[in-house]
Each structure stands twice: as structure tokens, then as C-alpha cells.
Participant: 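Mind having a look at this structure? Questions to follow.
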Amino acid sequence: MRYGHFDDDQREYVIERPDTPLPWINYLGTEAYFGIVSNTGGGYSFYRDARLRRLTRYRYNNAPLDVGGRYVYVRDDATGDYWSPTWQPTPERELDDYECRHGLSYTKIASSRGGIRAETLYFAPLGETLEVWRVRVTNHRDTPAELSLFSSIEFCLWDAQDDATNYQRNFSTGQVEVVDGVIYHKTEYRERRDHFAYFACSEPLAGFDTSREAFLGAYRGWDRPAAVERGSAAGSIAHGWQPIGSHHVRLSLAAGETREVVFLLGYAENPRDAKFDPGSQTLNKTLVRPVIDRWLRPETVEQGLTALKEYWDRLLGGLRVRTPDGDTDRMVNVWNAYQCLVTFNMSRSASFYESGIGRGMGFRDSNQDLLGFVHMVPERARERILDIAATQKETGGAYHQYQPLTKRGNNDIGEGFNDDPLWLILGVAAYLKETGDLALLDEPVPFDNEPGSEVPLYEHLRRSLRYTLERLGPHGLPLIGRADWNDCLNLNCFSDTPGEPFQTTENATGGVAESVFIAGQFVLAAKELAGIAGLLGRDSEEVYFRAAAEKMAGSVAEHGWDGAWFRRAYDFYGNVIGSGENDEGQIFIEPQGMCILGGVGIDDGLAQRALDSVAERLATPHGIVLQQPAYSSYRIELGEISSYPPGYKENAGIFCHTNPWIMIAEAIVGNGDRAFDYYRRLNPSAREEISEVHRCEPYVYAQMIAGKDAPTHGEAKNSWLSGTAAWNFVAITQWILGVRPDFEGLRIDPVLPAGWPGFEVTRSFRGTTYEISVRRAEGATGRVTELLVDGVPVAGNLVPVGAPGAVVRVEAVIG
Ligand code: BGC
Ligand code: NOJ
């Protein structure tokens with residue numbers, strides 16, 4: 001069953017009814033000012049940091065699920081009837097029709113009741129720190145209508161964690177000003193803050209409110225605000241308690257008439273020494289007022305919207321595919337790429353599942369997210385790499401997370417996730433392959449942000465490898481530390497205390513718990529670094545890195561192979577995990593993917609054998625589960641993985657991040673059918689028809705789909721912010737379609753599913769546009785056998801780097 005449809009021409013997902021199984025959200029903002037917005041107007045906004053600069057409140061885990069948002073009430077002043085055109089927070093007041101269009105960085109929600117149609121467009125313009133709500137109200141009756149509009153938001157007192165907990169202070173700190181129809185929220189501005197929020201309206205006001213209690217009335221909720229019911233605002237000024245913003249506007253509409261009202265919610269900063277009007281405690285508004293005036297004009301709003309569309313045209317225009325599969329085209333050309341940029345902006349901070357107060361930027365996550373957006377915003381990927389690398393320690397170890405505002409490593413979590421450093425090599429390699437910008441390697445980058453400790457970025461990469469080599473266990477495999485990619489495989493944490501964090505408790509470190517996953521990742525990273533060393537002409541280092549990769553591959557073959565698949569790890573006691581010897585957790589997906597990505601087992605058939613085991617034991621119609629059998633009880637020696645009921649999250653859930661590794665592995669061994677079949681099982685658009693089972697948004701990937709051991713097999717959770725976005729993008733574009741940036745050019749190495757006659761790709765690469773067409777000769781099953789670049793045959797599958805600005809035709813034949 002569907003709840004909407006894709007409008008591919010508009011690049012929108014159109015939700016046709018408000019009661020989606022879960023809030024289906026979208027994001028506003030592209031650079032510094034951001035918000036999340038649900039299909040019923042729920043959500044909140046923040047400036048840069050979802051926790052520390054939260055503009056508006058939101059209530060997670062509430063009932064109904066999605067409370068707090070950007071609500072505008074419409075009131076029929078003749079009858080007193082009122083409703084919210086976004087359905088929430090007045091779901092009892094039925095709408096005659098409803099439609100929500102989630103587009104690229106904007107959302108439009110339209111509905112009608114009693115012949116009055118209201119359409120609200122929400123977006124945050126480029127280059128500004130504000131969001132626009134453009135409300136268009138149309139009177140479809142054949143008589144005039146006397147209407148009122150009431151806008152509403154609830155201000156957050158900046159630090160969202162403190163705001164939600166520290167009432168003894170916060171009920172007394174709230175402050176606002178209302179001047180010329182603009183509501184200014186300035187809590188804590190009197191002391192150490194130089195920033196404030198504002199809420200403005202394009203129309204003359206009939207009234208306003210800034211006190212929540214005055215607006216709603218005591219003991220009332222957002223479903224029936226007293227001011228709206230009454231038809232007049234109270235003109236309240238908040239002193240402490242809960243500051244809100246609400247404008248009251250009256251509209252007289254002739255039959256058939258449409259009126260437009262613009263509301264602005266924004267964030268502004270003042271110079272510290274000019275915070276106030278001279279000699280007062282009044283906010284200095286001289287800088288912000290012109291911004292407000294400009295954006296309240298309809299033509300500015302229109303231009304802002306056009307600019308936003310052009311921005312997305314540019315970003316998405318660099319990689320366009322035309323394949324026989326519509327779900328592939330739609331995801332690659334629009335939604336998957338969009339999700340990759342959202343993960344770049346948000347990391348794991350703010351979604352319906354990430355509360356915006358929890359996690360900072362992950363070292364491993366940020367490096368992997370990069371794989372999905374480096375082709376769209378290479379200069380921002382470059383900055384990101386330098387930020388991440390600056391949190392690395394001299395030992396080569398890495399802070400697991402850092403804060404986006406300070407860019408400093410997070411001491412609460414610290415380091416010791418032994419896969420982390422290696423992701424830096426993989427992120428940098430992806431950047432270099434895309435851009436060819438070797439100068440990045442010479443950039444001076446400090447350790448732990450310590451001024452004076454700068455070394456060239458290249459040295460950071462060497463330390464990453466060394467970090468692993470200095471931490472090998474008894475089988476010559478890397479020590480796992482607190483955890484590897486699987487944050488829940490906590491082999492040095494024996495926790496029997498409720499609430500103790502699995503990730504940071506490391507109370508038993510015998511020094512023998514090893515990870516086969518990190519071993520595979522090391523082989524991959526060491527080969528990449530060897531390639532980089534080769535480009536720099538550091539030949540002896542190249543040889544050394546390749547030898548290190550070989551040696552690690554040898555340890556994997558000796559101690560990491562279980563007979564029909566790669567093992568997962570060795571625990572604190574030196575016992576094997578992910579082996580036929582185990583009663584549960586016999587086979588895990590991660591090492592099958594990562595070892596094969598590293599090239600282990602390709603020549604001797606082990607890779608093929610492992611992939612067959614994955615197909616037999618782990619694959620389900622909804623995707624590939626993380627391990628089998630699921631752990632049926634808590635195992636203190638394994639940690640958080642066994643804390644989840646079977647089939648969820650890391651305990652045998654379909655952890656979608658890992659599935660593309662298998663797709664890529666299948667592509668590497670040449671199995672296009674299986675690679676593409678796995679791709680389609682996860683593709684959200686291909687799952688749209690089963691939205692009642694999947695339940696999350698059909699336009700973006702979710703982190704997890706319940707596995708076959710779960711009663712809700714097929715149900716997705718944690719949509720949007722997941723490495724799943726980047727890796728699926730890489731799997732389909734670079735490995736299945738096979739258009740893959742490499743250090744020395746663009747590789748064309750597709751593995752097609754049977755039944756595909758071919759496909760076309762337009763790809764910008766280092767300033768050249770490649771028009772690529774791939775054709776399969778009748779009955780052929782292999783790889784590219786013929787390559788023509790501008791009509792000239794080229795041996796192998798590498799298209800050399802072209803002239804900047806040129807358009808190059810590439811024809812590839814699978815023969
Ligand atoms: C989740 C993991 C996550 C970890 C660290 C765990 O509870 O299951 O997916 O990586 O927390 O935030
Ligand atoms: C989500 C985390 O953000 C990511 O870093 C981790 O690899 C996966 N969970 C698996 O545990």
C-alpha cells in the first residue's frame with residue numbers, strides 16, 4: 001500500500017494523506033541554518049548545532065508522535081470554525097483534501113476545509129540564516145470570507161538538552177521583545193549570548209502572543225488554543241516560562257480571491273560591543289531589520305525559491321543515469337544524492353530518530369558519508385577531511401566523535417574504536433580519486449587540534465595504518481578496542497550494570513579480542529595508501545604498504561576463514577565469533593563484505609564461497625541480515641549486540657549500511673544479477689508499494705529494517721541519517737553501473753543484471769563531462785571488452801582524464 005507517489009518531474013514526493021505510519025520528514029537548509037519538517041508541519045529549526053543553537057522546541061517520543069512544529073491556524077471569523085491546514089495539531093478537524101510535497105530543501109503542504117484552501121511553502125533560502133513560510137489562502141466559496149490566520153512556534157531556550165530538563169532555571173529566564181510586528185526571542189541575550197531569533201510577518205498584525213499560556217490558555221494544548229478559539233490574540237509578553245511566537249492576521253477574501261502572507265523565522269548575531277541600542281538593554285536591530293524587510297517581499301521569496309532550485313540542478317546535474325529501472329534512476333538522480341547531502345549536513349544529529357542532543361559528528365561516519373557527496377561538493381569534502389583529520393591523535397588513534405561548533409574531539413567518548421583511523425584513509429582516497437587534488441596531502445594538519453603539532457595530511461594517513469599495526473592480537477589480526485564498525489560488538493566490556501554505556505565501558509581488556517572486519521578494512525586501506533604513495537613517487541613506501549596488506553590478508557586466510565565464510569572476531573578469551581563452532585552468531589555480514597572489498601579471497605574462490613553463504617544464510621526478501629542465528633539471550637562477553645531482541649538493530653536486523661558492501665563484493669566477483677537484486681531489495685522507491693510494512697519514508701534509506709527473527713520483519717526504522725545513503729550510492733553508481741573514479745581516470749566497469757541491454761550515464765569528472773553509454777552484446781555476461789573514447793579505441797576500462805570543459809563521448813561494450 002502507498003501513502004503517496006513520486007512526482008519525478010518536480011523532484012517531489014507527494015504524500016496524499018496526513019496519517020502516514022510515521023512522520024515522514026524532510027530537511028530545510030543547506031549550509032548553516034537547518035530544520036526538519038514533517039508531512040504534518042511538525043519539526044524544529046536550529047543554527048549549525050542541533051543541540052546548542054536550537055531555535056524552536058519539539059517533543060520527541062510524545063503522543064501523538066510528532067508534536068511541536070511550524071503551525072498556522074486558519075479561523076473562519078464568521079462561524080468560529082478553525083483548523084490547521086497541516087492537519088496537526090488539530091487532527092480532529094477534518095480536512096476536505098490534503099497534499100504534502102516534500103521537495104529538495106523545501107516542503108509544501110496544502111489542504112482545504114469548507115471551501116478555504118491554504119497552501120504553506122517552507123524553505124530556508126541559500127546564504128541566509130532564516131526560513132520562509134509562504135502561506136497562500138484562497139477562498140473557493142462563492143461568497144466573501146472573513147478569516148484570521150494565527151502563526152505559532154515555541155522557542156527553545158537554545159541548548160536543547162538544558163531546555164528539556166533544567167526547568168528550575170529556565171522557567172525564569174525567557175525574554176522577548178515585540179517591535180513593529182516582529183517578535184524577537186532574546187533569552188540569555190542580556191548576559192553572554194550575542195545571538196537571538198526573530199519571527200516576522202508580512203501583514204499588519206491584528207495582535208500577537210509571546211506567552212504560551214496566554215496563547216493556549218491554561219491546561220490547553222495546541223489542538224485548541226484559546227486565542228484562536230476566541231479569535232483574538234492576548235498581546236502577551238513572556239516573562240520566563242515558555243516564550244512562543246504567534247501573529248494574528250485578519251484577511252477578508254472576496255469569492256475566488258487568493259492572498260499571500262509571508263512569515264519569517266530567523267537567527268541573527270550582533271557584534272558583541274553593539275548588542276544593545278545605546279544605553280539600554282534593548283536589542284540592536286539595525287543589522288537584522290533590512291534582512292527581514294527584504295525577505296518579507298514576495299519577489300524576494302520567489303527569487304529565493306528559484307535560486308534554491310538552481311542550486312539543486314547544479315548539484316544533481318553532475319551525475320545522471322538512464323537505466324532500464326525507474327527506481328534506480330529516481331534514487332540515483334534525485335533522492336539518494338539528496339540524502340547523501342543531508343547526511344553531510346546533519347551527520348547523525350537531527351532526525352526523527354536522532355534527537356539533536358545526542359551524537360556529535362562521528363569520525364567513521366563522516367568519512368563514509370563523504371563517499372556519497374564528494375562528487376557534488378568537493379570543496380566542502382576537502383574542508384571536512386581537514387576538520388576530521390585535525391581530531392586525530394599523534395598515536396594515529398582518533399576521537400570517535402567531534403562537535404560541529406567547536407570541531408574538537410569529544411572527550412566523553414574518547415578514542416579506542418580501532419576501525420576509526422582507517423576510515424580516514426578511505427575517505428581521503430575517495431576524495432583524491434574524484435578530484436585528483438594531490439595538494440590536499442601536503443596540507444598541514446594538527447593532532448588533536450593542538451597548534452604547533454601540524455604535519456602534512458599524508459603523515460596522518462601513515463599514522464592511521466601504523467595504529468593498526470601497533471595493535472595486533474595473537475592471530476596477527478587487529479585488536480578491536482571498544483568496537484569496530486559494529487558499535488555493539490563490545491568484546492572488552494563486561495557490563496552487568498543497567499544504564500552503563502556499552503561503548504565507553506572498557507573494564508576488561510585482555511588484549512586478545514581481535515576483529516576480522518578491521519583486518520579486511522586494513523587490507524583495503526593499505527592498498528589505497530599504497531596507491532597514493534605511488535602517485536607521490538614514494539616507491540619504497542608503496543612497496544611497504546602493499547606488503548603490509550599482503551601480510552594481513554595472510555592472517556585473514558589463516559585465522560579468519562571458517563571453511564565457508566569469513567569469521568567475525570576473536571573474543572576476550574580468544575574464542576572465535578562468527579564460526580560454525582558457535583551456537584549463535586555463526587556468520588556475520590560485515591567481514592564477508594569488507595574482506596572482499598579488500599580483495600581477499602578473489603583469486604582462490606573464497607570470496608565466491610563466502611558470498612554463497614551470505615545468499616544461503618543471511619539474505620531475506622527485505623535485505624541481508626547482519627548475522628545468524630540471532631543471539632537469543634544477553635551475553636556479557638559480547639556486549640550491546642546481544643542487548644537487542646532478535647531481529648532488531650545489530651542483533652540480526654537488516655543493518656542497511658552493510659548491504660552495499662555485499663552488492664559491491666558481488667560486483668567484484670562479477671555477479672551482476674545478485675548485486676542488483678540486493679540493491680533493489682533495499683531501494684526505498686522499490687519498496688514504496690509495501691509502505692504499510694516498511695513504514696518509513698519511501699524516498700530515503702533507513703538505517704535498519706527488522707530482520708527475519710523479528711515479529712515485524714520488513715519494518716524500517718531510523719530513516720535518513722545513516723551511512724546506508726553513501727554506500728548504496730557508491731554500490732549502484734560505481735560498482736553495478738561501474739562508473740568509478742580512480743586515481744588516474746574514470747573507470748568504466750559495469751556488471752549488469754541479465755535482461756539489461758545497457759544504460760547511459762552523464763558524469764562530470766574533474767571538470768570534464770562524460771557522456772557514457774554502455775551496451776551489452778547479445779548474450780554476453782562478462783565485463784567491458786571494448787571501450788571507445790570520442791570514437792578512439794582504448795585498451796582496458798580506464799578513461800583518461802579529459803580536458804577541462806570538454807564533453808567526451810564514451811562508448812563501452814560488454815562483449
Ligand atoms: C546503536 C548503534 C550505534 C551506537 C553508537 C547503539 O545503541 O545500536 O547503531 O552505532 O549506539 O551510537
Ligand atoms: C550507527 C553508527 O552511527 C555507525 O558509526 C555504526 O558503524 C553503526 N551504527 C553500526 O553499529
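FYI, the numbering just counts along the sequence from 1. In each ligand, atom 1 is the first atom listed, and ligand 1 is the first ligand listed.
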Participant: To the nearest 0.1 Å, how far is atom 12 (O) of ligand 1 from its closest protein heavy atom, and which atom is that?
Facilitator: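 For this ligand atom, the closest protein heavy atom is R359 NH1, 3.2 Å.
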
Participant: For atom 11 (O) of ligand 2, find the nearest protein heavy atom and state the residue, atom name and distance (0.1 Å precision).
Facilitator: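 In this structure, atom 11 (O) of ligand 2 has E650 OE2, 2.5 Å as its nearest protein heavy atom.
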
Participant: Taking a cutoff of less than 4.0 Å between a non-hydrogen atom of the residue and any ligand atom, is Y644 in contact with ligand 1?
Facilitator: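 Judged by the 4.0 Å heavy-atom criterion, Y644 does count as contacting ligand 1.
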
Participant: Tell me the protein heavy atom at minimum distance from atom 7 (O) of ligand 2, and give that distance in Å.
Facilitator: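 Looking only at protein heavy atoms, the one closest to atom 7 (O) of ligand 2 is W485 O, 2.6 Å.
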
Participant: Under the criterion ring-ring contact (aromatic ring centres under 6.0 Å, His included), I'd like the reasoning laid out for Y678 against W661: C-alpha separation, chi angles, the key distance, then a yes or no.
Facilitator: CA-CA 10 Å; Y678 289 146; W661 296 339; over 10 Å; no

Participant: Under 4.0 Å from a heavy atom of N486: which atoms of ligand 2 are those, numbered in the order shown and with their elements?
Facilitator: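 The atoms of ligand 2 under 4.0 Å from a heavy atom of N486 are 11 (O).
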
Participant: Counting non-hydrogen protein atoms only, what is the nearest one to atom 2 (C) of ligand 2? Give residue, atom name and distance.
Facilitator: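 Protein heavy atom at minimum distance: R359 NH1, 3.6 Å.
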
Participant: Can you tell whether the side chains of R674 and E666 come within less than 4.0 Å, N to carboxylate O?
Facilitator: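 Salt bridge between R674 and E666, a charged N being under 4.0 Å from a carboxylate O: yes.
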
Participant: I'd like to check which ligand 1 atoms, numbered from 1 as shown, lie under 4.0 Å from a non-hydrogen atom of E640.
Facilitator: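 Listed by number with element, the hits are 6 (C), 7 (O), 8 (O).
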
Participant: Measure up the F517 and W485 rings against each other and bin them: parallel (under 30°), tilted (30 to 60°), perpendicular (over 60°).
Facilitator: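 Judged by the thresholds at 30° and 60°, the geometry between F517 and W485 is tilted.
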
Participant: How far is atom 5 (O) of ligand 2 from its nearest protein heavy atom, and which residue and atom name does that atom have?
Facilitator: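 Minimum-distance protein heavy atom for atom 5 (O) of ligand 2 reads D365 OD1, 2.6 Å.
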
Participant: Give the atoms of ligand 1, by number and element, whose distance to some non-hydrogen atom of K649 is under 4.0 Å.
Facilitator: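 What qualifies from ligand 1 is 1 (C), 2 (C), 8 (O), 9 (O).
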
Participant: Does the plane of the ring in W423 sit parallel, tilted or perpendicular to the ring in W727? Use 30° and 60° as the thresholds.
Facilitator: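 Rings of W423 and W727: perpendicular, as their planes differ by over 60°.
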
Participant: Got a salt bridge between D163 and R54, using NZ or NE/NH1/NH2 to carboxylate O under 4.0 Å?
Facilitator: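 No salt bridge links D163 with R54.
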
Participant: For atom 9 (O) of ligand 1, grab the closest protein heavy atom and report residue, atom and distance to one decimal in Å.
Facilitator: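 Sorting protein heavy atoms by distance from atom 9 (O) of ligand 1 puts E650 OE2, 2.6 Å first.
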
Participant: Under 4.0 Å from any heavy atom of F655, which atoms of ligand 2 are there?
Facilitator: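 Near F655, meaning under 4.0 Å from one of its heavy atoms, ligand 2 has 8 (C), 9 (N), 10 (C).
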
Participant: Please determine if E528 and K433 form a salt bridge, counting it only when a charged side-chain N lies under 4.0 Å from a carboxylate O.
Facilitator: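 A salt bridge is present here (some side-chain N lies under 4.0 Å from a carboxylate O).
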
Participant: Would you mind checking which non-hydrogen protein atom is closest to atom 11 (O) of ligand 1, with the distance to 0.1 Å?
Facilitator: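 Minimum-distance protein heavy atom for atom 11 (O) of ligand 1 reads Q503 OE1, 3.9 Å.
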
Participant: I need the contact type for Q703 against ligand 2. Using non-hydrogen atoms and a strict under-4.0 Å cut-off, is it side chain, backbone, both or neither?
Facilitator: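 It is the side chain that gets close, since no backbone atom is under 4.0 Å.
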
Participant: Assess whether a salt bridge exists between R568 and D562, defined as any Lys/Arg side-chain N lying under 4.0 Å from an Asp/Glu carboxylate O.
Facilitator: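 Between D562 and R568 there is no salt bridge, as every charged N stays at least 4.0 Å from the carboxylate O atoms.
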
Participant: What protein heavy atom lies closest to atom 3 (C) of ligand 1? Include the residue and the distance to one decimal.
Facilitator: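 Of the protein heavy atoms, D487 OD2, 3.7 Å lies nearest.
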
Participant: Would you call R635-E584 a salt bridge at under 4.0 Å N-O?
Facilitator: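 Between E584 and R635 there is a salt bridge, with a charged N closer than 4.0 Å to a carboxylate O.
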
Participant: Would you call D387-R380 a salt bridge at under 4.0 Å N-O?
Facilitator: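 Salt bridge absent between D387 and R380.
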
